[in-house]
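As structure tokens, the structure follows; a few thoughts come after it.
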2 protein chains.
Amino acid sequence: VTAASSGKNEPKTAKARATRERLLRVAAQLFSVKGYFHTTVEDVMGEAALTKGGFYAHFESKEDLAYAAVEHATELWAQKVITHVMAFSDPREQLRELLEGYRRYAVDRTFEGGCFFVNLAVEMDDQHDEIRRLVEARFEQFRALVVTIVEGGKAAGVFRQDAPTRAIAALVVAALTGSMMLSKSAQKFDQFDDANDLLARLLATFET
Amino acid sequence: VTAASSGKNEPKTAKARATRERLLRVAAQLFSVKGYFHTTVEDVMGEAALTKGGFYAHFESKEDLAYAAVEHATELWAQKVITHVMAFSDPREQLRELLEGYRRYAVDRTFEGGCFFVNLAVEMDDQHDEIRRLVEARFEQFRALVVTIVEGGKAAGVFRQDAPTRAIAALVVAALTGSMMLSKSAQKFDQFDDANDLLARLLATFET
């Protein structure tokens, strides 16, 4: 899955693969807490308890690390949110559980710095177009998940045909990412509950 | 209004006041685009076309500048959003126009880097507790504005008594700040429209 962005550095041995994974874990956490620009290669290697020179055996540059970290973070996100949603088969439940799965992804502090994607999006929007596009594609993927659930619900006859699918996806992803940012800023997650409960209740008006 | 945070540096002359205002404008824009940590005093002075040494006649430190920039940004935000809302007297309209006022604050690019507060919140949450608290107080003020509108509407009999005021405030501020972040990341504002239209329509279910 990372071939496109860092094909040249595909690890050859199990040890190299493990080190690469460790660097990705550390980088995703550091980028989410300190930001991309404020994190140095030394920070990443120091946190991973490795010497700086070893970095270039795994990544060509900090940028190359960032591309791979986006892939790694996407996998962590999917493990929390998509796995949670897919445990339910009724699209009405899937939509409610998408809100709950994302809340857990926040409360469990999957990323120390809140949401890796929210943080990178804010940092990159005016500063690094290629990373911005990669992060934006993940939000698009998130909205597409909501669209799939709502359209599935329409096909199954449990959501009204006139439910505005695209707007629901836009509102759900906006509310969730906004709650993430606000919860991190407030250092408490209670507003997530309030906003999610109300949103679930309002979205239920689109059920048949 | 800035006395508490930077009382020692209250400007003595009209010229000093104008320079201080210019530095605040520049700093609010730079912090919103590049972030606080990634912006140097040299960046601010360079952008304001002043020499670095002059900075300390106006601010004790970059931190002191950040506190004053939060006040300055709050005034810009209030001019856009609160002024827009207060042009309407019906609480039902005020709630709809709060969404529209914030959308305009985004689309008009009041801050080049998106929302000053969203960007600083994401950067500061784990890194600078005092600035984090200042920014968080602004989100609290934003939610309080929604609470005032909804409670006003209940008193006027245009919102249902059982409308969940606190949850409405949490959802509105989450959806708006999330849409801001996502619009900046996508570099287009169309999802703001979708999310706002749907949210306004759903909130209308609380009207009597």
Side-chain angles (χ1 to χ4, degrees), chain A residues 32-38 112-115 117-127 129 132-133 135-136 138-140 142-143 164 166-187 190-199 201-203 205-206, chain B residues 32-38 112-115 117-127 129 132-133 135-136 138-140 142-143 164 166-187 190-199 201-203 205-206:
Chain A
S32 79
V33 172
K34 301 180 60 168
Y36 171 76
F37 291 113
H38 202 221
E112 285 166 45
C115 178
F117 304 99
V118 168
N119 294 11
L120 239 66
V122 164
E123 189 180 9
M124 293 308 171
D125 51 8
D126 298 299
Q127 298 197 97
D129 207 54
R132 178 193 71 74
R133 281 171 201 273
V135 172
E136 166 55 14
R138 294 311 182 266
F139 291 127
E140 193 50 52
F142 194 1
R143 282 186 292 266
R166 202 181 69 169
I168 291 172
L171 179 58
V172 164
V173 175
L176 290 176
T177 52
S179 287
M180 169 65 95
M181 185 278 296
L182 293 164
S183 297
K184 280 293 299 172
S185 176
Q187 300 192 335
D190 54 336
Q191 290 165 62
F192 229 117
D193 302 343
D194 283 343
N196 270 10
D197 288 352
L198 177 57
L199 185 56
R201 185 178 141 190
L202 292 170
L203 291 175
T205 62
F206 294 118
Chain B
S32 79
V33 172
K34 300 180 62 169
Y36 171 78
F37 290 113
H38 202 222
E112 285 167 44
C115 179
F117 304 99
V118 168
N119 294 11
L120 240 66
V122 164
E123 189 180 11
M124 293 308 169
D125 52 8
D126 299 299
Q127 297 197 97
D129 207 54
R132 178 193 70 74
R133 281 170 200 273
V135 171
E136 165 55 15
R138 295 309 181 267
F139 292 127
E140 193 50 52
F142 194 1
R143 283 187 291 267
R166 203 181 68 169
I168 291 172
L171 179 58
V172 164
V173 175
L176 290 176
T177 52
S179 287
M180 169 66 94
M181 184 278 296
L182 293 164
S183 298
K184 280 293 298 174
S185 177
Q187 298 192 337
D190 54 336
Q191 289 166 60
F192 230 117
D193 303 343
D194 283 344
N196 271 9
D197 287 352
L198 177 57
L199 185 56
R201 185 178 142 189
L202 292 171
L203 292 176
T205 62
F206 294 118

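Residue numbers begin at 1 in each chain, while the letters A, B, ... track the order of the sequences.
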| Proximal component of A:Gln127, with respect to chain B [non-hydrogen, under 4.5 Å] | side chain
| Contact summary for A:Asn119 and A:Gly114, nearest pair of heavy atoms | ND2-N, 4.5 Å
| query | How about B:Lys34 and A:Phe37: do any of their side-chain heavy atoms sit closer than 4.5 Å? | reply | no
| said: Heavy-atom cut-off 4.5 Å, strictly under: side chain, backbone, both or neither for A:Arg201 against chain B? | reply: side chain
| task | Could you tell me whether the side chains of B:His38 and B:Glu123 share a donor-acceptor contact shorter than 3.5 Å? | result | no
| request: Could you check if a side-chain atom of B:Gln187 sits within less than 4.5 angstrom of a side-chain atom of A:Asp129, using non-hydrogen atoms only? | output: yes
| field | Side chain, backbone, both or neither of A:Phe142 within contact of chain B (heavy atoms, under 4.5 Å) | value | neither
| field | Residue A:Val172 versus chain B: region with a heavy atom under 4.5 Å | value | neither
| query | Is it the backbone or the side chain of B:Ile168 that comes under 4.5 Å from a heavy atom of chain A, or both, or neither? | reply | both
| remark: Pair count under 4.5 Å, heavy atoms only, with chain B: among A:Pro164, A:Ala167, A:Gly35, A:Ser32, highest is A:Ala167
| request: Check whether A:Ser179 gets within reach of chain B through its side chain, its backbone, both or neither, counting any heavy atom under 4.5 Å. | output: both
| said: If you define the side chain from C-beta out and look only at heavy atoms, does anything of A:Leu202 sit under 4.5 Å from B:Leu171? | reply: yes
| query | Looking at A:Asp194, A:Leu176, A:Thr205, which has the largest count of heavy-atom pairs under 4.5 Å with chain B? | reply | A:Asp194
| field | Largest heavy-atom contact set with chain A, pairs under 4.5 Å, which of B:Ala121, B:Gly178, B:Ser185, B:Ala175 | value | B:Ser185
